[in-house]
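Each remark here refers to the structure printed beneath this line.
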Amino acid sequence: MTGDHCVSDEASEFEYSIHWINDLLERVLEREADEYIVSTGKSISGSIPISFYRELIIADVIKRKLLEAGKKTRTLFVADDYDPVRSFPSSVSLSLDEWLGIPYSKVPDEFGCCESFGAHATNEFIKTFPEFGVSPEVVWQSKLYESGKMQEATRICLRNTETIREILIEYVARDFNDAQKADYLESMKNWFPASVFCPSCGRIQAGAKGEIVVNRITGYDPVTDKVSFSCPSCGHSDEVSLNELQVKLSWRIDWPAKWFVLNVTCEPAGKDHSVKGGSFDTGLEISRRVFGMEGPVKVPFEWVRIGGRDMSTSEGIVFSPKVWLSIAPPELYRYLMLTPPLERAIDLHPERIPDMVDEFDRFERTFYGLEDAPEEKMDLIRLLYPLCLNGEVSEKYVPKLPYKFAIITSQMEGILGFTTILERCEQVLKKQFGLNEISTEAKKLIPIRLNRARTWAQEFGSDRDKVEVPDSVREEIMDTITDNDRKFLTKFCEVLKGESLDDEELQSKVFETARAVGMKDKRAFVVLYRILISRKSGPRLGGFLNLLGNEWVLKRINSVL
RNA sequence: GGGCUCGUGGCGCAGCUAGGUAGCGCAGCAGGCUUUUAACCUGAUGGCCGCGGGUUCGAAUCCCGCCGAGCCCGCCA
């Protein structure tokens with residue numbers, strides 16, 4: 001802040017904040033609610049991809065800031081498991097014909113461990129909440145309906161069918177041409193905002209994606225509270241009292257009804273819903289005119305993509321939270337979600353995880369003042385860093401093993417064993433951060449990072465990232481070794497047989513030995529790397545040789561002599 | 001048809017809201033660390049800031065138009 005220019009109180013209102021979180025908080029606080037309910041929701045047509053965490057994290061930071069401001073608040077996660085099956089991802093073994101049109105909450109779990117197909121997919125996701133630092137209350141849409149909590153909302157909607165029709169015509173048909181508009185108006189004449197789960201066949205609709213015929217209510221009598229319907233799936237038709245039927249509101253109506261029932265103050269919405277005149281806006285209109293409520297604060301956000309493609313379950317590119325956790329820290333994911341503006345698409349590139357982890361580590365060290373940063377950036381870092389964590393900010397910096405070092409080292413586990421590797425990593429940490437002792441917190445993180453780095457190298461790394469130590473020296477490598485090389489190797493064996501040296505001493509010995517036999521030092525390194533890992537360069541040799549152990553290296557060298 | 005976002009050195013991005021010397025990370029290059037590197041440090045190279053107008057003393061930044069890339073909505077959810 002420059003002190004010489006004075007900003008009046010009025011003008012300061014128009015100052016831009018350093019981050020969207022602050023603007024968002026302000027907008028939400030304007031509601032002056034007794035309790036702020038920040039809701040999120042997801043349809044459950046299969047495994048939930050990590051992209052959905054953008055919504056949960058946005059909701060979570062709103063909650064965190066509200067709590068900080070001393071407000072009462074909760075976040076919700078509404079699992080829309082009452083939606084009927086329209087299609088299955090290719091990996092699913094269930095028969096689509098059998099379950100089409102049945103709610104996901106009534107389709108069995110093919111793995112047999114959860115209550116239903118919907119519950120399985122949802123539970124799998126919920127399990128990762130603590131690691132990603134979110135803690136919403138889980139609301140099952142199926143239970144919301146089955147427990148009767150939605151029934152009054154449904155009744156209100158049926159009684160206001162005419163108003164809802166008007167709203168839909170206004171919003172949906174806004175940009176239609178005359179012919180489309182005429183069709184739409186015609187179709188809305190006998191339209192009702194809810195559908196019936198047929199008491200005879202249990203379906204809410206017939207036909208798969210593209211050719212859906214919904215078992216829509218065909219009439220409602222507000223005096224008798226009876227609804228009539230005709231099932232397109234089995235042909236059953238009837239007129240039954242509303243509270244004796246299982247009825248579900250249409251999507252565009254279901255959403256505002258949930259806002260009403262759950263008293264939602266704020267809800268982030270992906271761009272598919274938040275498009276101008278889209279389902280969110282329609283919902284707000286319904287909130288106002290049908291439920292007499294203001295409706296939640298809309299928080300539009302763009303999608304998270306992976307490698308330039310959308311994460312869709314149907315395409316089979318499911319990048320699940322579990323996969324993320326197997327290669328990168330959850331804090332990094334939060335960081336990536338919180339840094340860019342909400343309206344910006346985020347494209348994840350798994351192959352760039354090492355760089356991104358490095359960046360986050362640097363960001364963290366900057367927070368702790370271990371790295372320089374311009375003061376104007378510090379405000380943002382102080383705001384953002386705590387929001388990236390899944391727990392409390394530690395008082396002291398917990399040193400992290402460099403990810404790129406972990407990539408190489410973790411792949412040595414096969415030949416060295418985990419214990420040796422851990423010891424080596426602790427040494428590196430001590431050296432890098434100038435420590436005498438490593439805290440237990442830091443120690444705990446080492447194996448986690450090693451595992452992630454190894455998995456990353458295997459699953460997403462290029463050939464360059466994969467370091468292998470073959471069981472024996474390959475034939476083609478043998479052929480490249482000259483007599484002069486053997487002279488060097490023989491002499492170097494004497495070094496290895498001698499007293500144990502530290503990394504740097506051993507490093508120097510490579511040079512000394514090379515010179516002693518009149519070999520170019522460059523060649524000495526190439527030869528050793530070839531024998532060890534079949535390529536001409538690799539990790540810093542002194543440390544690497546010690547990592548492998550003199551005994552092992554001696555045996556290896558002897559095998560080519 | 002309606003809407004959103006993006007277009008800045010090889011790649012990924014910041015800067016744009018309050019116009020004034022074009023920055024960062026990664027890769028690449030050169031050098032250093034008693035000579036290795038995928039660690040670390042230093043340095044140099046590299047950009048008509050998509051194109052064309054306008055406003056201005058001055059535009060990556062503001063305004064208008066265009067081009068290109070991508071996505072969403074438009075039946076259901």
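In the text below, chain A, chain B and the rest are named by the order of the sequence lines, each starting its count at 1. Only this structure's heavy atoms are used, side chains among them; waters, hydrogens and symmetry mates stay out.
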What nitrogen or oxygen pairs link the protein and nucleotides 14-16 of chain B at under 3.5 Å?
residue: B/rA14; atom: OP1; partner: A/Arg344; partner atom: NH2; Å: 2.1
residue: B/rA14; atom: OP2; partner: A/Arg344; partner atom: NH2; Å: 3.1

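Heavy atoms of A/Glu343 sit under 4.0 angstrom from primed sugar atoms or phosphate atoms, though from no base atom. Among the protein residues, A/Ser279 comes within range of no part of the nucleic acid, since none of its heavy atoms lies under 4.0 Å from any strand.
Of the candidates B/rA77, B/rA38, B/rC76, B/rA77 carries the atom nearest the A/His273 side chain, counting heavy atoms from C-beta on.
Considering only residues two or more places apart in sequence or on other chains, A/Glu146 meets the salt bridge (Lys or Arg N to Asp or Glu O under 4.0 Å) condition with A/Lys106. Listed by chain and residue number, A/Ser326, A/Ile327, A/Glu459 satisfy the side chain to side chain contact (heavy atoms under 4.5 Å, CB included) test with A/Thr455 (two or more places apart in sequence, or in another chain). The salt bridge (Lys or Arg N to Asp or Glu O under 4.0 Å) search around A/Asp254 returns A/Lys258, not counting sequence neighbours. With sequence neighbours left out, the salt bridge (Lys or Arg N to Asp or Glu O under 4.0 Å) criterion links A/Lys404 to A/Asp355, A/Asp358.
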Under the 3.5 Å Watson-Crick or G-U criterion, the dot-bracket string of RNA chain B, with | for inter-strand pairs: ((((((((.[[[[.)....(..]]]]..((((.......))))......[[[[[..)....]]]]])))))))....

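A cation-pi arrangement is present between A/Arg165 and A/Phe192 under the rule of less than 6.0 angstrom and at most 45 degrees off the ring axis.
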Apply side chain to side chain donor-acceptor pair (under 3.5 Å) to residues A/Arg216 and A/Ser250 and explain how you reach the verdict. CA-CA 9 Å; A/Arg216 199 169 304 279; A/Ser250 298; 2.8 Å; yes

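A close approach under 4.0 Å does not occur between any side-chain nitrogen or oxygen of A/Ser274 and OP1 or OP2 of B/rC72.
Per the geometry, CG belonging to A/Asn215 stands 12 Å off P belonging to B/rA77, to the nearest Å.
Side-chain atoms of A/Asp81 do not come within 3.5 Å of backbone N or O of A/Gly118 as any donor-acceptor pair.
When side chains are defined from C-beta on, A/Tyr397 does not count as touching A/Phe367, because their heavy atoms never get closer than 4.5 Å.
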